[in-house]
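Below: one structure, written as structure tokens.
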Amino acid sequence: MSQQPIILFDSGVGGTSILKELVELLPQENFIYLADSKNAPYGERTTRDIINLSVKNTELALSMQAKLIVVACNTATTNAISHLRLNYQLPFIGIEPAIKPAALHSEVRRIGVLATKGTLSSELFKQTSEAFTQGIDVIEVIGKGIVEAVEGGWTKDEKFIKQLEKQLQPFIHQSIDYLVLGCTHFPYIIPQLKHLLPSHVKIIDSGRAVAKQTEAVLRKNKLKTSSKTEGQVQVYTNADNVYHVKELVKEIHNVEVKQMDF
Ligand code: DGL
């Protein structure tokens, strides 16, 4: 069992930001990453749709012998993880916007959250936000066109940067000191965000925390691999453009990228 892979899924390439953290922390494990780019973005879909797509990805992961599934997508976590946990036996790790540390450390008591519509409108996000942001102003912005830009590889285009700059205005005008990235695609635009936001704004995402939580759950369930050698990392995408995915994950040692219809 412990040699079976940890399987991650996302609406596309965004969750590879989590895969990198996981491979760094757990290099002996085998990983499979499922990039459902064909159905991206999830963030504009109904809860029912997000649940159905998450079930489809979970069924595929189970057919590939997953020992643990990482839902490497805030939108799928906030809309579907309770359904998955109710219906499947294996452990699921989810990712949610890191509002708790941002709220704890904010000196001006005003933080920003940049996420998808699906995440910001979910019950789980509302509950977490209410629980951890007493006395804190939370400025929420739905990131428009960002997932598409990361998927398509045009995050450096001038037109995209202009659109992004417009979307960030509420954060600038309301002088936040922490920006929470609530979508796994968004770490890929951190250089652009840093360039457009005032230099004192700290940007946080949940990648590292998810990797640590995965390790803790593997340990608790006695699922950690006993292998002493480097594990396999395989990325499956249902997009036509495999080259773009290869570029995003090329820093992962020995990674294999393949096209598959799912
Ligand atoms: N990467 C995803 C997330 O963390 C999904 C974005 C989308 O497909 O809309 O929310």
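Order of listing sets the numbers, starting from 1, for every ligand and every atom in it.
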### Task
Could you list which atoms of ligand 1 come closer than 4.0 Å to a heavy atom of D10?
1 (N), 2 (C), 5 (C)

### Query
Which of the atoms in ligand 1, numbered in the order shown and given with their element, are less than 4.0 Å from a heavy-atom of G43?
7 (C), 8 (O), 9 (O)

### Message
Tell me the protein heavy atom at minimum distance from atom 10 (O) of ligand 1, and give that distance in Å.
### Response
T75 OG1, 2.6 Å

#### Entry: Taking atom 5 (C) of ligand 1 as the reference point, the nearest protein heavy atom with its distance
S11 OG, 3.2 Å

### Query
Taking the minimum heavy-atom distance to atom 2 (C) of ligand 1, which of C73, G14, G12, P187 ranks first?
C73

Check the surroundings of atom [atom1] in [X]: do more than 12 heavy atoms from other residues, nucleotides or ligands lie under 6.0 Å from it?
X    : atom1 : answer
D240 : CG    : no
K212 : NZ    : no
K38  : NZ    : yes
K117 : NZ    : no

### Query
Tell me, do N254 and Q232 make a side-chain contact under 4.5 Å, heavy atoms counted?
no

## Note on the structure
The reported gap from CE in M64 to CZ in F262 (rounded to nearest 0.5 angstrom) is 8.0 Å

### Query
Rounded to the nearest 0.5 Å, how far does OG of S175 lie from NE2 of H200?
6.5 Å

### Query
N/O to N/O below 3.5 Å, does that happen between Y42 and ligand 1?
yes

With heavy atoms under 4.0 Å as the rule, classify the contact between [X] and ligand 1 as side chain, backbone, both or neither.
X    : result
T184 : both
N74  : both
C183 : both

